[in-house]
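Quick notes on the structure that follows.
Proteins come first, then strands; the chains are lettered A, B, ... in the order of their sequence lines, and each starts at number 1.
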Amino acid sequence: MSEVITPREKDYSKWYNDIVVEADLADHSSVRGCMVIKPHGYAIWEKMQQALDKMFKDTGHVNAYFPLFIPKSLFEAEEKNAEGFAKECAVVTHYRLKNNPNEKGKLMVDPEAKLEEELIVRPTSEAIIWNTYKTWIESYRDLPILVNQWANVVRWEMRTRLFLRTAEFLWQEGHTAHATKEEAIAETKQMLDVYADFVENWMAVPVIKGVKTANERFAGADDTYCIEALMQDGKALQAGTSHFLGQNFAKAFDVKFVTKENKQEYVWATSWGVSTRLMGALIMSHSDNHGLVIPPKLAPTQVVIIPIYKGEEGLKKVSDVANDIKKRLQQKNISVKYDDRDSHRPGWKFAEYELKGIPVRITVGERDLANGTIEVARRDDLTKTTIQLTELDNYIENLLTEIQSSLLQKAQARMKDLTTRVDTYDEFKKVLDSKAGFVYAHWDGTPETEEKIKEETKATIRCIPINNPLEDGVCIYSGKPSQQRVLFARAY
RNA sequence: CGGGGUGUAGCGUAGUCCGGUAUCGCGCCACAUUUGGGAUGUGGAGGUCGUCAGUUCGAAUCUGGCCACCCCGACCA
């Protein structure tokens with residue numbers, strides 16, 4: 001048992017934080033609220049980026065890059081959006097420093113270098129992008145525009161948590177422009193499906209697709225679609241969002257196009273994003289008290305080989321076999337690391353790679369050499385098997401597939417266990433306090449009721465699930481009639 | 001921004017009440033023995049005790065200001 005990780009049962013937040021730090025994913029930086037993503041963490045993010053980027057390209061999108069800074073006048077153009085983000089914006093007011101005459105060796109902001117117009121550090125890029133699209137779009141022939149950008153954004157959060165909420169974070173934001181409402185809505189839904197597909201099939205995290213209520217909607221959107229995942233502690237995590245922006249930004253930035261019939265019309269818009277928050281979802285879905293568990297499809301290193309030997313000639317003999325194993329697996333497109341460092345003993349390495357979540361560990365010792373075997377250990381269920389070296393290639397390839405699907409199945413089973421239907425407010429509160437998780441309950445559809453429930457229980461409506469079955473009932477709070485159950489949970 | 005707490009070696013800490021020049025563990029470096037689940041021994045390096053000022057012969061310790069970080073609330077992907 002690892003001593004470096006606080007047990008999950010003892011303190012879930014501490015457990016999470018310990019995993020992030022001890023598995024070398026990220027660290028607090030000397031900038032308040034900002035983190036350093038370390039190589040192991042960044043490598044996982046890169047795997048996510050690669051998979052998502054391909055999915056975006058496969059659905060016809062292209063990448064571009066827009067500026068970090070947004071002039072205040074552009075930022076405020078779409079009123080609701082500006083208002084929504086106003087409280088958490090970093091603002092650039094000056095462009096120069098100078099030596100402080102009163103304190104040698106110190107710098108100060110040069111008061112003479114004040115900017116004419118303040119620049120907002122982007123919390124999201126709709127403003128700068130729609131200001132640009134205005135110049136790109138004239139006719140229906142210029143549409144659709146299907147652009148994505150990989151970028152960093154800044155939201156000045158009061159309380160931060162590694163990956164889940166940091167002042168600066170990495171994400172992708174897709175911004176599309178369409179000639180018709182129908183096409184824009186189809187795009188919004190398509191990207192929601194892409195996200196759900198990615199999160200389930202790459203991250204092995206099941207999600208519920210749905211629509212946000214007015215209260216939870218993105219500022220400036222007509223509709224916000226989301227995927228909601230459920231963490232091990234029964235709290236929900238919004239894993240991705242896709243917004244149907246209507247003509248709000250087109251109107252704010254005066255982006256019109258000429259139709260086939262030679263009429264002027266406002267452009268329809270969408271935007272959609274996922275962020276490094278996905279790292280948090282990944283960690284909180286699969287990891288255990290031994291450390292991180294990474295699904296094979298996202299593991300930067302899928303297999304690690306550890307030698308066990310006596311003396312230098314022992315190491316040499318084992319290394320010959322280990323290097324051969326490495327080569328064979330690499331030919332199968334499996335990423336392999338052979339750790340022949342002499343500075344640590346095998347037991348130390350076992351614990352280390354478990355902590356870091358490497359899906360499969362192969363141990364080769366001199367005893368194996370004699371028998372033509374190797375020992376294979378799975379990270380997800382910590383079981384060990386001895387196999388014949390001759391079966392290696394297929395065995396490992398199948399094992400990686402098996403681990404990937406087993407992780408998803410386990411997460412699906414957990415989500416099912418942690419989902420409850422309730423019919424009364426008392427029951428609702430009891431479930432939230434005793435087992436947490438997703439709670440399906442009737443709601444009268446008013447923002448007031450939603451707000452009251454949030455105040456009293458800290459639970460929010462995560463979404464109204466897509467294709468939600470209609471069912472007559474009464475609101476658990478107000479007793480008014482309701483046509484469907486919505487998805488409640490306490491959330492990150 | 002409110003309420004609470006903490007700053008001592010890379011990390012975790014003792015010492016603070018009662019002032020006398022900093023303890024222990026992990027880690028790090030060297031060498032040796034080790035290597036199938038976080039090895040052992042021996043030797044070694046590493047500190048302006050968050051910061052500034054005050055009291056004192058003398059401050060990690062007492063007093064005051066400042067700074068940083070953490071936890072709980074309001075806000076949030």
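Both A/Lys349 and A/Arg155 lie near RNA chain B, and the one whose nearest nucleotide falls closer to the 5' end is A/Lys349. Heavy-atom nearest nucleotides on RNA chain B were determined for A/Ala351 and for A/Ala491, and the one closer to the 5' end corresponds to A/Ala351.
If you check B/rU21 for Watson-Crick or wobble pairing at under 3.5 angstrom, you find it has no partner at all. Using N1 to N3 plus N6-O4 or O6-N4 for Watson-Crick, or N1-O2 and O6-N3 for G-U wobble, each under 3.5 Å, B/rG36 pairs with nothing. With a cut-off of 3.5 Å on both pairing distances, the Watson-Crick or G-U wobble partner of B/rC66 is B/rG50. Searching all strands for a Watson-Crick or G-U wobble partner of B/rU55 with both distances below 3.5 Å returns nothing. When both pairing distances are held under 3.5 Å, B/rG2 makes a Watson-Crick or G-U pair with B/rC72. Partner assigned to B/rG41 is B/rC31, using Watson-Crick or G-U wobble distances below 3.5 angstrom.
OP1 or OP2 of B/rG73 sits under 4.0 Å from a side-chain N or O of A/Arg159. For the pair A/Arg345 and B/rG36, the criterion of a side-chain N or O lying under 4.0 Å from OP1 or OP2 is met.
In summary, A/Arg8 and A/Asp288 do not engage in a salt bridge, as defined by a charged side-chain N under 4.0 Å from a carboxylate O. Between A/Lys209 and A/Glu228, none of the side-chain N atoms (NZ, or NE/NH1/NH2) sits under 4.0 Å from a carboxylate O, so this pair counts as no salt bridge. The existence of a salt bridge linking A/Asp324 and A/Lys327 is excluded, since no basic side-chain nitrogen approaches an acidic carboxylate oxygen closer than 4.0 Å. With respect to the salt-bridge test (charged N to carboxylate O, under 4.0 angstrom), the residues A/Lys235 and A/Asp233 do not qualify.
The same atom, C1', is picked in B/rG20 and in B/rC11; the two are 30 Å apart, to the nearest Å. Separating the C1' atom of B/rC29 from that of B/rG10 is a span of 14 Å, rounded to the nearest Å. Taking the P atom of each, B/rU48 and B/rG19 are spaced 26 Å apart, rounded to whole Å. For the C1' atoms, the distance linking B/rG64 with B/rA59 amounts to 15 Å, nearest Å. For the C1' atoms, the distance from B/rG15 to B/rG25 is 16 Å, rounded to whole Å. The separation of B/rA30 from B/rC62, taken at their P atoms, amounts to 41 Å, rounded to a whole angstrom. Atom C1' of B/rU6 sits at a distance of 27 Å from the matching atom of B/rC28, rounded to the whole Å. When the C1' atom is used for both B/rA22 and B/rU8, the distance is 8 Å, rounded to whole Å.
The distance from atom CD of A/Glu22 to atom P of B/rG27 is 13 Å, rounded to the nearest whole Å. Atoms CG (A/Asn17) and C1' (B/rG12) sit 15 Å apart, rounded to a whole Å. What separates CZ of A/Arg462 from C1' of B/rA77 is a distance of 10 Å, to the nearest Å. Across the protein-nucleic acid pair, A/Trp348 atom CH2 and B/rG36 atom P stand 15 Å apart, rounded to whole Å. The CG-P distance, from A/Leu315 to B/rU34, rounds to 16 Å in whole Å. When the C1' atom of B/rC29 is taken as reference, atom NE2 of A/His344 falls 14 Å away, rounded to whole Å. Spacing between atom NZ of A/Lys356 and atom P of B/rG37 amounts to 21 Å, rounded to whole angstrom units. The distance from atom OH of A/Tyr353 to atom C1' of B/rG38 is 13 Å, rounded to the nearest whole Å.
Of the listed nucleotides (B/rU35, B/rG38, B/rG36), B/rU35 has the atom at the smallest distance from the side chain of A/Tyr309. You'll find that the side chain of A/Thr166 is closest to B/rA77, out of B/rA77, B/rC70, B/rG36. Residue A/Phe350 has its side chain nearest to B/rG37 when only B/rU35, B/rG37, B/rG38 are considered. Comparing B/rG36, B/rC75, B/rA77 by their nearest atom to the side chain of A/Lys87 picks out B/rC75. Side-chain proximity of A/Asp342 to B/rG36, B/rA77, B/rU34: nearest is B/rU34. Side chain of A/His28, nearest nucleotide from B/rC70, B/rA74, B/rG36: B/rC70.
A/Glu157 comes within contact range of at least one nucleobase, with a heavy-atom separation under 4.0 Å. A/Lys384 comes within contact range of at least one nucleobase, with a heavy-atom separation under 4.0 Å. Among the protein residues, A/Phe169 comes within range of the nucleic acid bases, having at least one heavy atom under 4.0 Å from a base atom. Using a 4.0 Å heavy-atom criterion, one finds that A/Arg361 contacts the bases of the nucleic acid, with or without backbone contacts as well. Note on A/Leu237: nothing from the nucleic acid sits closer than 4.0 angstrom, heavy atoms only.
Applying the 3.5 Å distance criterion, the base of B/rG37 shares a donor-acceptor pair with the side chain of A/Glu354.
A/Tyr133 and A/Phe253 have their aromatic ring centers separated by at least 6.0 angstrom. Ring pair A/Trp272/A/Phe56: centre-to-centre distance below 6.0 Å.
Looking only at atom types and distance, the side chain of A/Gln232 has no donor-acceptor partner in the side chain of A/Ser285 under 3.5 Å away.
The cationic group of A/Lys326 does not satisfy the cation-pi geometry with A/Tyr338, failing either the under 6.0 Å distance to the six-membered ring centre or the 45° limit from the ring axis.
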